[in-house]
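Below is one structure, written out as structure tokens; comments come after it.
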There are 2 protein chains.
Amino acid sequence: MIFKDLDPLLHNQLRLSVISLLISVEFAEFNFLLEKTGATRGNLSVQINKLKEAGYIEVTKSFRNNYPLTTCNISNAGIEAFEKYVEAISGYLNK
Amino acid sequence: MIFKDLDPLLHNQLRLSVISLLISVEFAEFNFLLEKTGATRGNLSVQINKLKEAGYIEVTKSFRNNYPLTTCNISNAGIEAFEKYVEAISGYLNK
DNA sequence: TAAACAAGTTTATAAAATAAACCTAATTTA
DNA sequence: TAAATTAGGTTTATTTTATAAACTTGTTTA
């Protein structure tokens, strides 16, 4: 095998979008991710949870103006996984 | 949405491996792809067919030393799709 | 001539992706 | 002030995919 395996958790458009956004900000709110990714709320909720279960992100739930507020930030494991993914997929792109 | 959509046909490890290999050779035999990708024969057969159905590759069946020989080459549509995919996914990698 | 091998293909099953439906609480409107 | 609407998500139902195991067709070898 001359190709490196692609982490299945990151090899998904929406999850990769979320991680790509989180990598360059300190925190991001649910609605921010929603807008930037163009996802449905249901799908975003599911994928955020998968990233959290994997330990790639941390999720903080609070309230703001009486409404629920979900905030996400990437973890060290998430950063490492992303960097590894970037390197792996680069091997497929002939660049 | 700030991310470009990723062609689902190419956003798959094995199919992307095959296209990545075909992009830099004139032809490739089934067993060559098998070895380079590390796939099972069943999976490779299925994914080659999907790429063919999409018009991304051409598949030629012949015989060599009395045994079946399947040869693949990338099409113009395949080249374009690959280039488009490379550009799209690059937008996720912060490079 | 039976067993093993070559080169694939088909199919069965599990896993994943996604949108629709749902939920709870807050707010606005009639 | 009660009904309708909005905010912010979550759950679930369904369809698609991915993949390996099983199968096929023909060839070679013991």
- Message: At 4.0 Å (heavy atoms only), tell me whether A/Gln13 reaches a base, stays on the sugar-phosphate, or touches nothing.
- Response: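 It contacts nothing in the nucleic acid.
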- Message: Pairing donors with acceptors under 3.5 angstrom, does anything connect the side chains of A/Asp7 and A/Tyr56?
- Response: yes
- Any side-chain donor paired with an acceptor under 3.5 Å for A/Gln47 and A/Asn43?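 The criterion, which ignores hydrogens and geometry beyond distance, is satisfied for A/Asn43 and A/Gln47.
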- Message: Measuring only between side-chain heavy atoms, which start at C-beta, is B/Ile89 closer than 4.5 Å to B/Phe3?
- Response: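 Side chain of B/Ile89 against side chain of B/Phe3, heavy atoms only: no contact under 4.5 Å found.
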- A/Leu93 side chain near B/Ser20 side chain, heavy-atom distance below 4.5 Å: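 Counting from C-beta outward, A/Leu93 and B/Ser20 never come under 4.5 Å.
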Atom-pair distance ([atom1] on [X]; [atom2] on [N]), nearest Å:
| X | N | atom1 | atom2 | result |
| --- | --- | --- | --- | --- |
| A/Asp5 | D/dA18 | CG | P | 15 Å |
| A/Leu16 | C/dA17 | CG | C1' | 15 Å |
| B/Asn12 | C/dA16 | CG | P | 13 Å |
| B/Gln47 | D/dA20 | CD | P | 10 Å |
| B/Lys52 | C/dT9 | NZ | C1' | 12 Å |
| B/Lys50 | C/dT9 | NZ | P | 15 Å |
| B/Glu53 | C/dT9 | CD | P | 12 Å |
| A/His11 | D/dT17 | NE2 | P | 14 Å |

- Message: If you assign B/Asn49 and A/Arg15 each to the DNA chain C nucleotide with the nearest heavy atom, which residue ends up on the more 5' nucleotide?
- Response: B/Asn49
- Message: Near DNA chain D, counting only heavy atoms under 4.0 Å, which residues of residues 55-73 of chain A show up?
- Response: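 Only A/Lys61, A/Tyr67, A/Pro68, A/Leu69, A/Thr70 qualify.
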- Query: For A/Tyr85, which of A/Asp5, A/Leu16, A/Leu9 qualifies under side-chain contact (heavy atoms from CB on, under 4.5 Å)?
  - Reply: A/Leu16
- Query: Of all residues at least two apart in sequence or in a different chain, which pass the salt bridge (charged side-chain N to carboxylate O under 4.0 Å, His left out) check with B/Lys36?
  - Reply: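 None.
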- Item | Contact list for DNA chain C against residues 25-40 of chain A - heavy-atom distance below 4.0 Å |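 The stretch gives A/Thr40 as the residues lying under 4.0 Å from the strand, ordered by number.
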- Message: One thing to verify: whether A/Lys52 and A/Glu58 come together as a salt bridge, which I'm taking to mean a side-chain N less than 4.0 angstrom from a carboxylate O.
- Response: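 A salt bridge is absent here (no side-chain N lies under 4.0 Å from a carboxylate O).
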- Any idea which heavy atoms bring A/Ala77 and A/Gly55 closest together, and the distance?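 In terms of heavy atoms, the two residues are closest at CB-O, 3.6 Å.
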- Message: Donor-acceptor check, side chain of A/Arg64 to backbone of A/Leu69, threshold 3.5 angstrom: yes or no?
- Response: no
